[in-house]
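Worksheet: one structure, shown below.
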Amino acid sequence: EVQLVESGGGLVQAGGSLRPSCAASGSSFDTYDLGWFRQVPGKERGGLSSIRAHDGSTYYVDSVKGRFTISRDNAKNTVYLQMNSLKPEDTAVYYCAAGVYGGVDPDEYDYWGQGTQVTVSS
C-alpha cells in the first residue's frame, strides 16, 4: 500500500510557474505508475500526465503538452509536476495517484493523495 501527500500548490499569476510535488510512503514506490490529475467543482477529475515505472515513459494530454512536465525521483519516493505558462483555466485541485498500471484514466489508479489547490490569476 502507498500513502501519497501533495504539496507545492498555491496562487500564481497567469504566465507563471509552479511545481507541485507528491511524496509517497509505503513500499515499492518504484514499481508504480504515477499520474497527475485535476478537478474543478462540478466537474469530473481529469487526467493530465502519467509516468511509467518500468521505463519512465511519459504521456500528456493535449491541453498541457509543452507546458507541464512530469518527473519522478524514486530515491526520494516523489513525483513532480512542473507547470509553466500557467493559465487561469489551469485553476483546480491537483491530485497525484499511483497504480500498478496507469495512464490518464482515474479508474486505473489505486492510491490517491488529498490534493493541492492551484489558483492562477489573470
So the side chain to side chain donor-acceptor pair (under 3.5 Å) pairs with at least one residue in residues 105-114 (sequence neighbours excluded) are none
If you look only at pairs with a residue in residues 11-26, which of them pass as a side chain to side chain donor-acceptor pair (under 3.5 Å), with sequence neighbours excluded? Gln3-Ser25, Ser7-Ser21, Ser17-Asn84
Check this for me, if you would: do Asp90 and Lys87 make a salt bridge, where the nitrogen-to-carboxylate-oxygen distance has to be below 4.0 angstrom? no
Is there a path of hydrophobic side-chain contacts, each under 4.5 Å between heavy atoms, that joins [X] and [Y]?
X	Y	value
Val118	Val93	no
Val120	Tyr95	no
Val61	Ile51	yes

Using atom types as modelled and distance alone, determine if a side-chain donor or acceptor of [X] lies under 3.5 Å from a backbone N or O of [Y].
X	Y	result
Ser49	Tyr59	yes
Glu6	Pro20	no
Asp33	Ala53	yes
Arg45	Val40	no

How many angstroms lie between atom [atom1] of [X] and atom [atom2] of [Y], to the nearest 0.5 angstrom?
X	Y	atom1	atom2	answer
Thr78	Phe29	OG1	CZ	6.0 Å
Leu11	Gln117	CG	CD	9.5 Å
Thr58	Leu34	OG1	CG	12.5 Å

Ring-face cation of Arg72 near Tyr32 (centre distance under 6.0 Å, axis angle within 45°): no
So, do Val79 and Leu81 sit near enough that their side-chain heavy atoms are less than 4.5 Å apart? no
With side chains defined as the heavy atoms from C-beta onward, is the minimum distance between Tyr94 and Leu48 less than 4.5 Å? yes
Does the side-chain contact (heavy atoms from CB on, under 4.5 Å) test come out yes or no for Tyr80 and Asp73, once each step is laid out? CA-CA 8 Å; Tyr80 305 94; Asp73 186 336; 4.1 Å; yes
Test log, rule side-chain contact (heavy atoms from CB on, under 4.5 Å), inputs Tyr60 and Thr69: CA-CA 8 Å; Tyr60 301 92; Thr69 303; 3.7 Å; yes
Hey, is NZ on Lys76 packed in by over 12 heavy atoms from elsewhere, all under 6.0 Å? no
Residue pair [X] / [Y]: nearest heavy atoms and the distance that separates them:
X	Y	answer
Ser50	Gly103	CB-O, 3.2 Å
Leu18	Gly9	CD1-C, 4.4 Å
Val2	Ala24	CG1-CB, 3.8 Å

